[in-house]
Amino acid sequence: MNQIFLPVPPQFSFQECLWFLDRNYDDCLHEVRENSVLKLLSIHEKPTLIEIKALDNHLQIDVLTGECAKDEICHFVTEWFDLERDLMPFYQLLAKDDDLAYMVTDYHGLRLLGIPDLFEALCWSIIGQQINLSFAYKLKRRLTETYGYKQTYEGKDFYLFPKPEIIAKLTVEELRNMQFSTRKAEYLMEIARTFSEKILSKTMLEGFSTAEAIKALVAIRGIGEWTANYALMKSLKRLECVTYGDVGLYNALNALKGLPKKPLRADLETFFKGFERWEAYTVFYLWRSLAVKNKAIQSI
DNA sequence: AACCAGGAGGAAT
DNA sequence: ATTCCTCATGGT
């Protein structure tokens, strides 16, 4: 079997990352097992199934199908798990906040799990607008199982997210039948067109400052401030992004910092000033704090 | 049975 | 420049 070994940085916990990937939801784009995660990648346009496990100071990546393109696979995993980040400065900021300091130990080694593909990140954030996450994951699964690429391995199905060229050619009715709202169907198809026609690409945004990138994204119908920040945080790893308008974020800040359910913009900005250049990580850890609560409630 | 979900756009103020 | 309304539907 083809194996790749990838060294991991300090302040890295594979189990914490796995825990977040699993949470309580049914994600169709990876499968979490006891001590590993499986995911189908597109490497050189070829589907490649990998399984990642943790050793002492390395990740072991088993290439189950497809070619063993070491550099590309390592590049993907590094982006996915944000392996090149030094978390010490973030933990120093957290430690200074009495209400959040517990996160340094409780979530130690948790990395901002990315969505390296920008098109996928944008579609996912549009799907997730305003609806509960269980339903959002259901919609993503329907879309992916119908229009994505499927590979079966040892009796289980693994998927690639649908390509923009496919989504661009759909009709509103086809998506409505999958219980997308008319609006979301239009948004997804229009964004698919901007990608398939090369009007927008991740490479393009990488050349932009974060403010410029947000401006460019918000100009597209269906992408508001929340979606732009979410996509830039998850796909381009712009750490200064804050998902303003995010109900989950507000709930976490309400529980941990006593902010109102609908906090003022100015109060949010004041809070995030304490986490400059690590805003996205702060948001991500606040989301993590919500997941803990869900789990506790469910186990009762 | 209301009311809320990891919002956004467009109309009405 | 704000506030209000609608969208679709599952979960609680």
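Every chain is numbered from 1, with letters handed out A, B, ... down the list of sequences.
Residue pairs that meet the salt bridge (Lys or Arg N to Asp or Glu O under 4.0 Å) test with at least one member in residues 226-253 of chain A, sequence neighbours left out, are D82(A)-K237(A). Under the salt bridge (Lys or Arg N to Asp or Glu O under 4.0 Å) criterion, the residue pairs touching residues 122-140 of chain A are D27(A)-K140(A), with sequence neighbours excluded. Among residues at least two apart or in separate chains, side-chain hydrogen bond (donor to acceptor under 3.5 Å, both in side chains) pairs with a member in residues 2-11 of chain A are Q3(A)-D62(A). Legend: side-chain hydrogen bond (donor to acceptor under 3.5 Å, both in side chains) pairs involving residues 181-195 of chain A, not counting sequence neighbours, sorted by first then second residue: E186(A)-R221(A). Residue pairs meeting the salt bridge (Lys or Arg N to Asp or Glu O under 4.0 Å) criterion with at least one member in residues 251-261 of chain A, sequence neighbours excluded, are D97(A)-K257(A), D99(A)-K257(A).
Across the protein-nucleic acid pair, K140(A) atom NZ and dG10(C) atom P stand 19 Å apart, rounded to whole Å. Per the geometry, CG belonging to D246(A) stands 17 Å off P belonging to dC4(B), to the nearest Å. For F180(A) and dG7(B), the CZ to P distance is 16 Å, given to the nearest whole Å. Rounded to an integer number of Å, the gap from CG of D26(A) to C1' of dG11(C) is 16 Å. Protein atom CD of Q179(A) is 16 Å distant from nucleotide atom P of dC7(C), rounded to whole Å. Between the CZ atom of R142(A) and the C1' atom of dA8(C) there is a distance of 12 Å, given to the nearest Å. Rounded to whole angstrom, the span from the CD atom of Q130(A) across to the P atom of dC5(C) amounts to 15 Å. If you take CG of L188(A) and P of dA8(C), they are 13 Å apart, rounded to a whole angstrom.
Classified by interplanar angle (parallel below 30°, tilted 30° to 60°, perpendicular above 60°), the ring pair H58(A)/F5(A) is perpendicular. Between W287(A) and F284(A), the angle of the ring planes goes over 60°, which puts this pair in the perpendicular group of the 30/60° scheme. Ring geometry for W80(A) versus F76(A): interplanar angle of 30 to 60°, hence tilted.
Residues passing the side-chain contact (heavy atoms from CB on, under 4.5 Å) test with A252(A), sequence neighbours excluded: L286(A), S289(A), L290(A). Judged as a side-chain contact (heavy atoms from CB on, under 4.5 Å), and not counting sequence neighbours, the contacts of S125(A) are W226(A), T227(A), Y230(A). Partners of Y250(A) according to the ring pair (Phe, Tyr, Trp, His ring centres under 6.0 Å) rule, which considers only residues two or more places apart in sequence or in another chain, do not exist here.
Between N251(A) and dA5(B) there is a side-chain N or O to OP1 or OP2 distance below 4.0 Å. Phosphate proximity of dG7(B) to S125(A): absent, as no side-chain N or O sits under 4.0 Å from OP1 or OP2. For dG7(B), the OP1/OP2 oxygens have no side-chain nitrogen or oxygen of K184(A) closer than 4.0 Å.
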Under 4.0 Å protein heavy-atom contact, by nucleotide of nucleotides 8-13 of chain B - B base, S sugar-phosphate only: SSS---

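Taking a pair as Watson-Crick or G-U with both hydrogen-bonding distances under 3.5 Å, the stems of three or more pairs touching DNA chain B are B:2-5 with C:9-12, B:7-13 with C:1-7.
DNA chain B lies under 4.0 Å from no heavy atom of any residue of residues 258-274 of chain A.
With hydrogens and angles ignored, no donor-acceptor pair under 3.5 angstrom links the side chain of N132(A) to the base of dG11(C).
Heavy atoms of T243(A) sit nowhere under 4.0 angstrom from any nucleic acid atom. Contacts of L133(A) with the nucleic acid, taken as non-hydrogen atoms under 4.0 Å apart, include base atoms.
Hydrophobic cluster membership of L264(A), counting Ile, Leu, Val, Met, Phe, Trp and Tyr whose side-chain heavy atoms lie under 4.5 Å apart directly or via other members: none, as it forms a cluster of its own.
Nearest-nucleotide assignment on DNA chain C puts the 5′-proximal partner with R176(A), out of S134(A) and R176(A).
With P as the reference atom, dA8(C) and dG10(B) are 14 Å apart, rounded to whole Å.
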